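To find a chain, count down the sequence lines: A is the first, B the second, and so on, and within it residues start at 1. If you're wondering where the values come from, they're calculated on a predicted model, not measured in any experiment. Just so you know, these numbers use all the heavy atoms, side chains as well, and skip hydrogens, waters and symmetry mates.
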Amino acid sequence: MSETTPALQRPATNLPPKYTPAEVEGPLYQSWVDRGYFTARPDSGREPFSIVIPPPNVTGSLHIGHALDHTIQDIVIRRQRMMGRDALWLPGMDHAGIATQNVVERELRKDGITRHDLGREAFVAKVWEWKEHSGGQILGQMRRLGDSVDWSRERFTMDAGLSRAVQTIFKRLYDDQLIYRAERIINWCPRCHTALSDIKVDHHDDEGELVQLVYGEPDGEDRVVVATTRIETMLGDTAIAVHPGDERYRHLVGRKIELPLVGRMIPVVADDHVDPEFGTGAVKVTPAHDPNDFEIGQRHGTAAINIMTPEGIITGTGTPFDGMDRFEAREAVREALRAQGRVGDERRPYVHAVGHCSRCDTVVEPRLSLQWFVSVGPLAKAAGDAVRDGRVRIHPKEMEPRWFGWVDDMHDWCISRQLWWGHRIPVWYGPGGEVVCLGPDESLPGSAADGTPPEGWSQDLDVLDTWFSSALWPFSTLGWPEDTAEVERYYPTSVLVTGYDILFFWVARMMMFGLYAMDGVQPFDTVALHGLVRDRFGKKMSKSRGNVVDPVEWMDRYGADALRFTLARGANPGSDQAISEEWAAGSRNFCTKLWNAARFALLNGATVEGDLPPVSEQSVVDRWILSRLATITAQADAGYADFQFAKTTEALYHFVWDEVCDWYLELAKLPLAAGGRPAEVTRRVLGEVLDVVLRLLHPAIPFVTDALWTQLTGGESVVVAAWPTAVPGAAEAPGDPAAESEVAALQRLVTEVRRFRAEQGLKPGQTVAGRITGLGRTGLAAHEGEVRALARLDDAGDGFAASATLRAGEVTVELDLRGAIDVEAERKRLEKDLGTAQKERAQAQAKLSNEQFLAKAPDEVVAKIRERLVVAEAEVARLESALGGLPVG
RNA sequence: GGGCCUGUAGCUCAGUUGGUAGAGCACCGCGCUUACACCGCGGACGUCGUCGGUUCGAGUCCGGCCGGGCCCACCA
């Protein structure tokens with residue numbers, strides 16, 4: 001209790017009449033941090049619960065998808081904290097190799113310099129500088145959102161500690177021969193000058209040309225026609241392949257044919273890969289520029305000739321095409337071959353899938369390259385098994401097939417990147433061809449004290465794929481490879497919350513490395529997947545569409561709570577959500593409603609002091625709301641636990657708005673006005689309801705709930721309040737059905753009277769004289785006062801003359817409308833209702849006269865239909881009588 | 001090419017083991033009823049894509065078709 005917590009000091013009357021999110025949210029976050037609420041306590045003796053944040057890229061700022069991701073994690077972790085767990089939500093950021101390097105290079109370009117002008121060391125220093133700036137922005141946004149992360153444990157994938165983890169695991173994998181270096185066809189971006197993972201390649205249909213190309217003598221018997229979309233690669237052909245069983249080419253297998261334009265003699269080989277049905281049944285083989293061809297080349301021992309520079313310029317072919325860009329060469333080669341009559345004049349457009357760099361959209365070039373790989377076989381198998389045998393749960397379960405589809409058929413992972421920003425591959429090459437992989441504390445024999453390598457040694461130039469370090473995140477952030485208390489305590493983490501879009505390349509890799517590094521212990525027990533945030537039409541957000549929502553803008557306009565509540569309300573497990581500004585406004589409105597309800601309670605002396613009054617002293621209305629509160633508490637608890645955020649927040653929304661505000665508060669006004677013991681009981685129940693509701697809502701909307709809760713209870717903060725699991729003093733679940741049905745009957749009657757009034761043109765606030773009879777037969781004998789208050793009926797004094805009569809079930813309400821009754825309106829209303837009732841009666845009768853139904857349907861269902869018939873018949877009778885009683889108009 | 005998901009009120013979406021269709025927003029009346037016009041009261045709105053099957057009964061299960069979307073993929 002210090003100056004940092006002004007909210008605590010305010011008397012109840014100080015709650016401003018108007019809810020202003022900025023005023024509520026502004027000071028709260030820092031006070032939470034100052035009080036250390038978010039700091040995990042390994043020595044607390046409490047049961048641990050841990051989440052590591054999916055580290056946002058240091059590039060740019062948080063987008064709405066991050067806001068969703070963080071909201072979900074914050075809901076989970078805040079609830080656990082309230083449940084008394086030692087809750088750790090570990091924050092941090094990812095260095096995002098290529099993305100970050102691109103951003104910084106773009107900055108440099110504005111000043112007309114390239115990274116090569118600076119040199120590697122200076123450039124990397126520049127990136128660090130930039131990271132400090134950009135990273136700060138993200139942290140500010142997280143604070144704004146209310147993320148209850150443990151700032152004392154913030155990490156960055158390029159931190160010294162995490163870099164040690166990277167080097168340690170690299171060395172271990174290397175020693176276990178799970179990392180190897182090999183020439184492979186990789187996706188190469190000629191513009192970014194880097195290898196791209198399969199995931200960074202977008203395939204979409206482009207129009208090209210499937211050229212038919214004649215090899216061998218155009219008229220000779222060694223004539224072979226092949227088809228290709230990349231004719232320029234023929235300069236690097238080293239074979240022609242046909243299917244072994246293809247009679248058309250049997251005579252050619254084993255022979256050599258001259259490669260046009262180049263003059264090289266290349267063999268015809270037989271390979272199963274070739275589909276004799278496709279095209280001409282013959283394939284040109286360019287091992288250095290096509291993955292299939294590479295494999296064919298490997299099988300037949302043919303050379304791989306690289307004909308392109310990293311920039312995509314033809315080189316080393318000894319032809320006039322050297323020096324041409326690949327697309328330029330495509331045309332030139334085609335023309336040259338056409339001149340020789342090997343290619344037809346006619347162009348046949350051909351639409352096919354072409355890979356593009358996901359970052360710059362350049363057409364990727366399959367290219368032979370010396371790269372580092374992780375041999376994923378055993379690692380992926382373990383990752384699959386962990387889910388198969390139930391050690392790791394994927395939520396929702398429908399995502400499991402995708403998981404298995406991926407881990408059960410994973411290619412080896414190319415981990416080297418031709419970048420400067422990232423973890424440098426810890427491998428050194430010696431003058432005599434030596435290759436040495438170094439662990440964190442190792443150095444080359446003969447190194448100088450300052451680490452300068454011996455003469456002739458140099459380190460591999462490449463850095464590791466960003467995902468390599470992210471894959472270690474669940475334990476590297478806890479201090480691994482050191483033997484820390486945090487690793488011991490918080491690993492495996494309890495739940496991983498992330499979007500299904502990175503299930504494969506992040507989650508799968510964490511699973512592989514986690515199981516590998518931590519002796520088979522999984523990195524998390526549960527993977528909770530959420531979807532993508534889309535625009536109001538369900539379209540993907542993109543800068544080009546101009547439909548991107550900036551979470552900060554919405555927080556400015558509606559508050560962080562409203563943004564969070566909006567995202568939570570749309571968060572159905574694993575599925576995308578469409579959001580619009582109306583939703584945010586609706587969420588803000590809900591916070592306002594909550595605020596106003598709390599104001600009402602405070603102005604009326606609601607309290608949480610002392611025990612809840614015994615059931616014997618509670619009114620039916622109290623019992624009803626407490627029963628409902630107990631139900632909603634159980635629902636919310638279970639719903640949050642099962643990651644059903646949409647369902648749960650929706651249920652709380654309706655409980656607060658439709659039940660507490662619309663009915664309970666209105667009904668409570670009577671005993672509060674009456675004073676005495678009934679008022680005392682109501683004040684206590686009212687306090688209880690709000691207290692519990694605020695605690696249940698706190699994980700989703702932390703700011704406004706804390707502001708209100710401290711006012712209501714005088715407690716320190718709802719952040720550290722106990723999580724409600726049951727409502728003490730309320731009847732046990734399934735609640736108090738008697739009270740619930742009694743109040744339901746009351747609500748039905750009041751609604752009926754209100755509707756009648758509205759049909760008759762009475763203004764909602766206008767009080768009229770009325771006489772109510774028959775309440776006892778509906779079990780509402782004790783509720784006449786409430787009916788009168790909510791339906792605005794005055795007691796009928798002397799001289800009362802009924803001019804309109806409403807029969808609602810057993811109850812009759814006669815109103816003195818002083819001749820204002822609209823007979824036609826009432827007739828229309830009654831006839832409509834009669835139609836509905838008759839239809840219901842007919843449906844029930846039809847079912848009950850169906851012998852098959854009677855014979856086969858369960859008894860309870862039959863009983864339900866019988867009951868329905870009775871009700872419908874009574875309703876028909878009532879409406880017919882009411883219609884008959886209308887004045888002839 | 002293979003696989004997955006999806007089609008419910010004008011819009012965006014819920015609908016638990018098959019048993020009389022729901023929400024928010026938008027819409028139509030009326031209203032400053034002493035917490036709240038970021039509100040209240042009342043109202044209207046769907047042959048659950050389509051055809052067929054299973055069943056006493058299907059939005060809910062099965063099959064075909066049509067319409068969207070996604071993932072994976074080396075088809076030259």
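Spacing between B/C4 and B/A76 at atom C1', rounded to whole Å, works out to 28 Å. One C1' atom belongs to B/A35, the other to B/U20, and the distance between them is 38 Å to the nearest Å. A gap of 15 Å separates the P atoms of B/A9 and B/A21, to the nearest Å. Using C1' as the reference atom, B/U16 and B/C61 are 16 Å apart when rounded to the nearest Å. Spacing between B/G49 and B/G68 at atom P, rounded to whole Å, works out to 16 Å. Atom name P, nucleotides B/A14 and B/U54: the rounded distance is 31 Å, in whole Å.
For the residue pair A/K18 and A/T592, no side-chain donor N or O sits within less than 3.5 Å of a side-chain acceptor on the partner. When only modelled atom types and interatomic distance are considered, A/Y653 and A/D658 share no side-chain donor-acceptor pair under 3.5 Å.
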Canonical and wobble pairing (Watson-Crick, G-U, under 3.5 Å) of RNA chain B, dot-bracket with |: (((((((..((((.....[..)))).(((((.......))))).....(((((..]....))))))))))))....
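Scored by the ring pair (Phe, Tyr, Trp, His ring centres under 6.0 Å) test, A/F703 finds A/W32 as partners (sequence neighbours excluded). Scanning for side chain to side chain donor-acceptor pair (under 3.5 Å) contacts around A/E875 gives A/R878, with sequence neighbours left out. With sequence neighbours excluded, the residues forming a ring pair (Phe, Tyr, Trp, His ring centres under 6.0 Å) with A/F565 are A/F590, listed by chain and number. Scored by the salt bridge (charged side-chain N to carboxylate O under 4.0 Å, His left out) test, A/R330 finds A/E232 as partners (sequence neighbours excluded). In this structure, A/Y249 has no ring pair (Phe, Tyr, Trp, His ring centres under 6.0 Å) partners at least two apart in sequence or on a different chain. Residues meeting the ring pair (Phe, Tyr, Trp, His ring centres under 6.0 Å) test with A/H395, sequence neighbours left out: A/F643. For A/R757, there are no salt bridge (charged side-chain N to carboxylate O under 4.0 Å, His left out) partners two or more places apart in sequence or in a different chain.
Residue A/E867 is classed as having no contact, given no heavy-atom separation below 4.0 Å to the nucleic acid. Among the protein residues, A/R792 comes within range of the nucleic acid bases, having at least one heavy atom under 4.0 Å from a base atom.
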Nucleotide-resolved protein contact map, nucleotides 38-47 of chain B, B/S/- at heavy-atom distance under 4.0 Å: BSBSSSS---
Sequence-aligned protein contact record of nucleotides 3-22 of chain B, with B where the base is within under 4.0 Å of a protein heavy atom and S where only the sugar-phosphate is: ---------S-S----BB--
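The salt bridge (charged side-chain N to carboxylate O under 4.0 Å, His left out) analysis of residues 582-593 of chain A, with sequence neighbours excluded, yields no pairs.
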Show me the donor-acceptor pairs within less than 3.5 Å that the side chains of residues 835-842 of chain A make with the rest of the protein, sequence neighbours left out.
residue : atom : partner : partner atom : Å
A/T836  : OG1  : A/K832  : O            : 3.1

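Residue A/K669 has a polar side-chain atom (N or O) positioned under 4.0 Å from OP1 or OP2 of B/A35.
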